[in-house]
Peer 1: 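Below you'll find the structure I mean.
This one's a predicted model, so the numbers in the text were calculated from it and none came from an experiment. One-based numbering, in listed order, for ligands and for the atoms of each.
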Amino acid sequence: MKKVVKFGGSSLASAEQFKKVGNIIRSDAERKFVVPSAPGKRNDKDTKVTDMLYGCYALADAGQDFHGELQAIRDRYQQIIDGLELPLSLEEEFAQIEKQFKEKAGSNYAASRGEYLNGIIMSAYLGFEFVDAADVIYFDENGEFDPDRTNDVLSARLAGCESAVIPGFYGSMPDGRIKTFSRGGSDITGSIVAKAIKADVYENWTDVSGVLVTDPHIIENPEPIDVITYRELRELAYMGFPVLHEDAIFPVRQMGIPINIRNTNAPGDSGTWIVGSTCQKSRFVITGIAGKKGFCAINIEKDKMNSEIGFGRKVLQAFEDSGISFEHVPSGIDTLTVFVHQDEFMHKEQKVVAAIHRMAEPESIEIESDLALVAVVGRGMKSTRGTAGRIFSALAHNNVNVKMIDQGSSELNIIIGVANEDFENAIRAIYDIFVIAQL
Ligand code: ASP
């Protein structure tokens with residue numbers, strides 16, 4: 001068995017956390033490939049090293065003095081080194097970083113140093129080889145991740161390693177410049193490494209004991225999910241489920257490698273398994289509930305719209321021409337509604353409305369703002385009668401007015417549009433009826 005283990009920022013925020021991580025890795029000889037994040041927050045008021053680096057570089061970029069900020073970052077790493085009693089100095093690395101900051105190497109370079117330095121510490125602490133992500137993870141000239149080149153080089157490089165630490169979050173461009181993934185991108189690196197070594201499992205260690213059924217900010221102590229499929233997680237991640245970077249699923253999914261989300265602070269908990277497919281039923285008909293606020297609905301009305309060929313295309317063309325992507329397009333006989341992100345649409349609304357008038361010649365266009373979408377996701381819904389009925393009666397009992405319903409053709413999810421102010425209530429109502437009522 002080969003395991004790739006990725007540790008998030010809170011798992012590596014201090015020497016104490018590093019020691020927990022060390023114990024986890026040493027307790028299982030199959031944990032040979034390690035992907036660390038940068039040190040995260042030690043408490044609620046703390047700042048992530050990545051954010052410190054962005055802030056420090058912004059000063060350098062503006063030609064201001066950044067030495068105090070850089071020293072604070074140096075101190076964070078030194079505390080970890082001291083706490084682990086490592087005979088390691090990062091002086092050379094920091095001299096190089098200072099030089100690069102003065103030469104304005106870019107914010108991607110700056111942010112990547114968080115993982116880079118943590119990787120050096122981790123490799124010294126574990127006695128594993130350090131493999132710089134810049135040498136094995138590639139982006140193309142447009143800044144898009146280059147999966148084929150990466151997989152070729154990375155798998156060849158790691159085939160020669162007994163054990164290795166590969167820092168998360170960054171890689172390099174064809175011209176050698178450092179480029180990062182979007183925030184939280186170390187999850188992606190872990191997945192890429194798992195694919196490259198054809199791992200049996202990708203363990204993603206964080207500070208919660210797995211994926212929760214819903215947002216703990218809305219429901220206190222929601223139940224954890226034992227097993228979830230990639231597709232279910234993707235639906236939930238898209239709706240803002242906070243566990244894993246949404247792009248982290250693709251590399252392992254292609255190879256059918258399961259992801260196991262684990263808790264560094266409770267290593268005995270089995271966590272959540274994210275798998276390709278499973279015969280295990282989810283505990284509660286539904287697997288998870290997620291959602292987002294801040295949508296707009298553009299209601300377009302035209303008599304006999306449904307028999308006019310090309311009407312939908314013309315309407316959607318108006319959005320495409322303004323570079324706006326749509327979320328859902330429910331339609332009736334004479335109406336068609338387009339759901340879009342409010343912040344994306346707001347500045348372009350009149351341009352889009354004018355284009356719809358011009359191209360599709362509707363009778364009326366009405367814009368409704370401040371809407372939220374709630375996604376109820378579950379592989380079990382397909383085979384359970386009455387799921388939709390239960391959802392909508394629960395919402396009605398809690399005085400939540402439903403503005404839109406969209407059931408994906410996979411019957412894996414039901415998306416419900418409600419007013420922003422009903423968002424939390426809607427999630428509570430659905431959680432109560434499927435989870436609390438079944439405990
Ligand atoms: N350190 C980076 C961030 O804070 C990447 C990561 O932790 O995954 O976003």
Peer 1: Once you measure the plane-to-plane angle for Phe101 and Tyr109, does it fall in the parallel (<30°), tilted (30-60°) or perpendicular (>60°) bin?
Peer 2: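 If you compare the ring of Phe101 with that of Tyr109, the planes turn out perpendicular.
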Peer 1: I'd like to check the side-chain hydrogen bond (donor to acceptor under 3.5 Å, both in side chains) partners of Asn401; sequence neighbours left out, ordered by chain and number.
Peer 2: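 Per chain and number, Asn401 pairs via side-chain hydrogen bond (donor to acceptor under 3.5 Å, both in side chains) with no residue.
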Peer 1: Sequence neighbours left out, what passes side chain to side chain contact (heavy atoms under 4.5 Å, CB included) with Gln79? Give chain and number order.
Peer 2: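 Testing Gln79 for side chain to side chain contact (heavy atoms under 4.5 Å, CB included), a comparison that skips the adjacent residues, returns Arg42.
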Peer 1: What orientation do Phe295 and His341 show, parallel under 30°, tilted 30 to 60°, or perpendicular over 60°?
Peer 2: tilted
Peer 1: Quick one, list the residues around ligand 1 where some non-hydrogen atom comes in under 4.0 Å, by chain and residue number.
Peer 2: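 Contacting ligand 1 under 4.0 Å are Ser37, Lys48, Thr50, Glu115, Phe169, Arg183, Gly184, Gly185, Ser186.
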Peer 1: Which is it for Arg157 and Glu129 under the salt bridge (Lys or Arg N to Asp or Glu O under 4.0 Å) test, yes or no, and what are the steps along the way?
Peer 2: CA-CA 11 Å; Arg157 176 73 178 83; Glu129 192 174 334; 2.8 Å; yes
Peer 1: Taking only residues two or more places apart in sequence or in another chain, which ones pass ring pair (Phe, Tyr, Trp, His ring centres under 6.0 Å) with Tyr77?
Peer 2: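 Ring pair (Phe, Tyr, Trp, His ring centres under 6.0 Å) check on Tyr77 returns nothing, list empty.
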